[in-house]
Structures are given as C-alpha cells and as structure tokens.
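Have a look at the structure below before the remarks.
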Amino acid sequence: RFFVFGISEWSSVFTKAHRLEYVPNYLTKQVSQEMKSHSLYLFIPVSVCQAFTSHQAHVVPSQHSRQVCFFPRHCPDSSYNRPVDYRYSTTAIFLSSEEADTTKTSSIQVDGNKEEEEDSLELFMADVTKVCNELRPGNRDKTLPPLFLRKRRIGYPSMTNTWTVDDWDKHCSRKRYAHWLFGFFQSRLLQRVMPMLSIHFLWSSLAVFVWKRVMSESIISKVVVPLSSLSLMSSFVAFLLTLRSNQGLSRLNDGRKAMGEMVLYSREMASLVASTIYPRNRQLGLKLMRHVAVFGWLLKGFLRGAAVNGSDEDIIRTMLPNKADADYVLRQRKPPMAVVSQLRQAFFHLGKNHQISTAEEIALDHCTQYLNRCIMVTEKILASPIPPLYTALTGRLLIFYLFMLPYALQAANILGGVGTVIISTAVAYAMIALDEMSHICEQPFRLMPLFHLSKKSMMDVADCVLQLPPDFETGEDISPNCPTYWPSDYRKGLDF
C-alpha cells in the first residue's frame, strides 16, 4: 500500500518531517527540475506516513499519475540488485529500469532545494560488502609471514585461521598421526628451525668423524665429557624451556581472550546501538555502527604495525564516508582509541540531551569501557615480553648443552658414529623446536587470525542492524532480505 503525494501536498508533511527519505542519486537533478513545476509525485509507503498521523488529511491520491516503475527488490532489467527496505524508502515516478544507476543514494530537502548525502542501511550494507568481497576478499591473510602463506600439499588446520567444524574433525581424527608423519618435511616448524638444526648436524658430524681423527695425537683428544655430568645441565635446560613455553602459552591465551572480547563487545555495542540509538536517530546510529565495524581492523593494524600490516586506509575511508571522521581516525597515534573517543562523545551528548535513559547510557558506557580494556590488554602483551635476561640464559645454556652432547654420547660408547649423529640431531630438534614455539607464542598477534576475526566482527556488527528480529508487537518479519556480504556458500542454502 502506498500513498501518492503531489509535491505541494508533501511539503506540508515535510514541515514536521524535516527530511525526505532516501531517493536514488540520479534523480537528484530531475527532482530539482520537477519541483519547480510541481509535477513530481512521490509514492510513500504507509508505514512511513503513519509517523505523521496528524498530517494524513493532506494525503490525497493523485489524479494525474503517469506511467511509473517502482523500485523492485531485485530488478532483473537493470543494474540495480540491492534489496530495498520499503519501510524507509521513497519511490518517485518517471522511473524506468533503463535509467537505474544506483551506485549512490542521496536525500533531497524539499524546503530549500538543498542536496546533501545521507547514510542509509543500503549504503551501509554496500560498504560492508565492498570491504568483505573487494578490498579484503577471501580468507587469506596476506600480512602473515611468507612461510605461513605457502600452501602445503597435506593441508592441516593452523593457528593462523579460525577453525570450523571440519577442521576440528580433522584435528581429532585418528588419521592425525599419518598426517603428522607424512607431513613432517612440510612442517612449518621444521622449516623455521632448519638453519639451527643444520648447523648442529654439521657440528655433530664434525665432532664424531673428523675431529677425533685430526686431533688424535693432541691433548684435546684425551678430554672426555661424561654423559652423566651433562645430564645435570639437561635438567636445567629442560626446566627453563618448559617454564618459558608455559609463559608463551599464557601470553597466547591472554591474546586470544582479548581478541575474543573484542569480537564480543563490538557485537554487544552494535546491538545496543541498534536497539537504543538507531530507532531515535538513524544517522547517528549508522555513524556509530560504522565506527564499531572498523574497530577490529584498527586494532589489527595497531598490533601488527604499519611495516607488517600495511595501510587499511581504504577500509577506513570506505566505512567512514565522512572525511572529517576518517581523517581523525587515520592521524591518531592509537587508531582504536579514536573509536572509543567517538563513542563516548556521542553517548555524552545523547545523555545530556535526554535522548537515552540513564540505564541505556550506563550499558553503553560499560560496553565502551570493555572495548577500551581490549586495547589495554593487547597493548600490554605487545609492550612487555618475557624478560630478555631469562630468554638469553635459556638460549646460552641450550647452545652449550647441544655443543657438548655429541662428545658426551661418543664418550659413553653406547652408540656408533652414525647413531651418535642421529640421536644428537633428534635431541637438538626437540629442544630447538620447543624454544622456537615459545617465541612464536610470546608474540601471539603475529600469527593469530586477526584478519578473520576483524572480518567476522564487521559482519556481526552489520547483522545487528541489518538482520533485526521480527517486530515485537506485530510479529512481522522486518529483515526479509539476505545481506550481500554473507558468504556465497551460506547464502545458497537459504530460501530468501
């Protein structure tokens, strides 16, 4: 059901409405021309007109309607394929599918013929879709170290990705031993420790097969390192490596917890804004939604640094179309804090003007505080490593132990020359790999799936305003359209 307004009739309603709902951008010029002759008619949904019940007397069906074409939900005859929310959109006459050029939308202010860009749900969804499908497509994080970007022949889930049910099935399968065995030489950990392991292998071979023969008449050949004495040092080395590994895993757990809270409280903030601010002030609500949507990307760039992460300016300027907002975020020393500042500023003024209740203001402020806490926790992990003196002591004792191990094994006369080299190399692999893993976990944000978390956080934020639950009073489905940023394989299984 639509009401049809002549332009003079709509002007009386617009006096109290203050703005005209969204009209396609290409109609802007045509609207300005038609308004001069008062020959433009607008088709207004009933749900919009119900907001102005005191002016429904001015709603008169037009007797001069001409051939029109309404905006369809999916227009097969034009380039327009974005869903339209009929509750908040306005359709003008003189529109044909051949004229459709819907790359932008704009709002027309009737009382002054003034044109200004306004945000809308359709624009918000289009920008999120652009980020997810064009600017940062797929699930491959190009900011990872080159070693972790290579595709292995035997695929196995990694800590650089967010896992799915299929990944957990593969991880818990009994075939995992076969994967570990046949994929040993493709192991990224082996490739990381290979330089140190190769040096130890050469040293062991030199000590067993060359050194004793060359120095057989020297006093050095009479020096013996008992294996029992060296085992005393092995206990210290193993203890230090274990303690360092525990510290590294603890830091990794703290990093995961902080990034999990980032996703949680971004989604919680978006839900609160969608339910408390957006219904009262749509433009401000969408502005805050856009800031919350980029919070994960800003935190990712802050934690990895510009040298590794590169620039996310394309994402920021896409999601924050207001130049002043984008410039403010980009020039900050800590960009995530810009989002926190914007949120607090908006909530202060909303509370000051009594546009939100005290309980709503407290809930929004607490959620903002938790987002700030995520920045603090991640910054603490990034700024304070495991004490370097402890790391240096562990490394020196490890080097000394592995240096003397071939001599001790040969002096025990338990293994032959080849056996001594193999066992010594295997022990070196175990200890060096454990030390390398502790270093990987010590700086968790270098390999954590920040790309996937930021992308999913953005989609979750968008869902909070684009996928609203059915109307509480009427039970009407008010979000019947499938967002275009959802993964294509998921959308194929849906019937709407």
Handout entry: Spatial distance of atom CD (E361) from atom NE2 (H354) [nearest 0.5 Å]
Key = 10.0 Å
Exercise for the section: Using a 4.5 Å cut-off on heavy atoms from C-beta on, say whether the side chain of F347 contacts that of L288. Expected result: yes
Handout entry: Side-chain heavy atoms of D119 within contact of R290, under 4.5 Å
Key = yes
Handout entry: K455 side chain to V131 backbone, donor-acceptor under 3.5 Å
Key = no
Practice task
Tell me, yes or no, whether the heavy-atom count around R373 atom CZ, taken from other residues, nucleotides or ligands under 6.0 Å, exceeds 12.
Solution key: no
Practice task
Enter the distance from M262:CE to I375:CD1 here, rounded to the nearest 0.5 Å.
Solution key: 10.5 Å
Handout entry: ring pair (Phe, Tyr, Trp, His ring centres under 6.0 Å) contacts touching residues 285-315 (sequence neighbours left out)
Key = W297-F451
Problem - 4.5 Å side-chain heavy-atom contact, D460 and S266 - result: no
Exercise for the section: State, yes or no, whether a side-chain contact exists between F148 and R192 at a heavy-atom distance under 4.5 Å. Expected result: yes
Practice task
Calculate, to the nearest 0.5 Å, the distance between atoms CZ and CD belonging to R282 and E118 respectively.
Solution key: 10.5 Å
Exercise for the section: Would you check if L320 and K287 make a side-chain contact, meaning some heavy-atom pair closer than 4.5 Å? Expected result: no
Practice task
Flag yes if more than 12 heavy atoms outside Y328 fall under 6.0 Å of its OH atom; otherwise flag no.
Solution key: yes
Handout entry: Residue pair Q355 / H349, side-chain heavy-atom distance below 4.5 Å
Key = no
Practice task
Evaluate the criterion side-chain contact (heavy atoms from CB on, under 4.5 Å) for residue pair D312 and L135; output intermediate values, then yes/no.
Solution key: CA-CA 9 Å; D312 287 330; L135 301 181; over 6 Å; no
Problem - Flag, side chain of D167 to backbone of T164, donor-acceptor distance under 3.5 Å - result: yes
Problem - Side chains of V329 and R317 in contact at under 4.5 Å (non-hydrogen atoms) - result: no
Practice task
Please confirm whether the backbone N or O of I386 pairs with a side-chain atom of E442, one donor and one acceptor, at under 3.5 Å?
Solution key: yes
Problem - Test side-chain hydrogen bond (donor to acceptor under 3.5 Å, both in side chains) applied to N309 and K300, R304, K142, the passing residue - result: K300
Problem - Lys/Arg N to Asp/Glu carboxylate O, R267 vs D463, below 4.0 Å - result: no
Problem - Carboxylate-amine/guanidinium contact K130 E134, below 4.0 Å - result: no
Practice task
Please assess C441 against R251 for the test side-chain contact (heavy atoms from CB on, under 4.5 Å), listing each intermediate value before the final yes or no.
Solution key: CA-CA 7 Å; C441 295; R251 292 169 63 85; over 6 Å; no
Exercise for the section: Tell me, with the steps shown, if T276 and L350 meet side-chain contact (heavy atoms from CB on, under 4.5 Å). Expected result: CA-CA 11 Å; T276 61; L350 289 173; over 6 Å; no
Handout entry: Main-chain N/O of R188 paired with Q186 side-chain donor or acceptor, under 3.5 Å
Key = no
Exercise for the section: With rounding to the nearest 0.5 Å, note down the distance linking CD in E360 to CZ in R280. Expected result: 4.0 Å
Exercise for the section: Would you confirm whether R344, through its side chain, and S341, through its main-chain N or O, come within 3.5 Å as a donor-acceptor pair? Expected result: no
Exercise for the section: Take Y485 and L466 through the test side-chain contact (heavy atoms from CB on, under 4.5 Å) and record every step on the way to the result. Expected result: CA-CA 11 Å; Y485 55 81; L466 293 172; 3.6 Å; yes
Completion exercise
The reported gap from OG1 in T143 to CG in L450 (rounded to nearest 0.5 angstrom) is 7.5 Å
Handout entry: Min side-chain heavy-atom separation R446-V308 under 4.5 Å
Key = yes
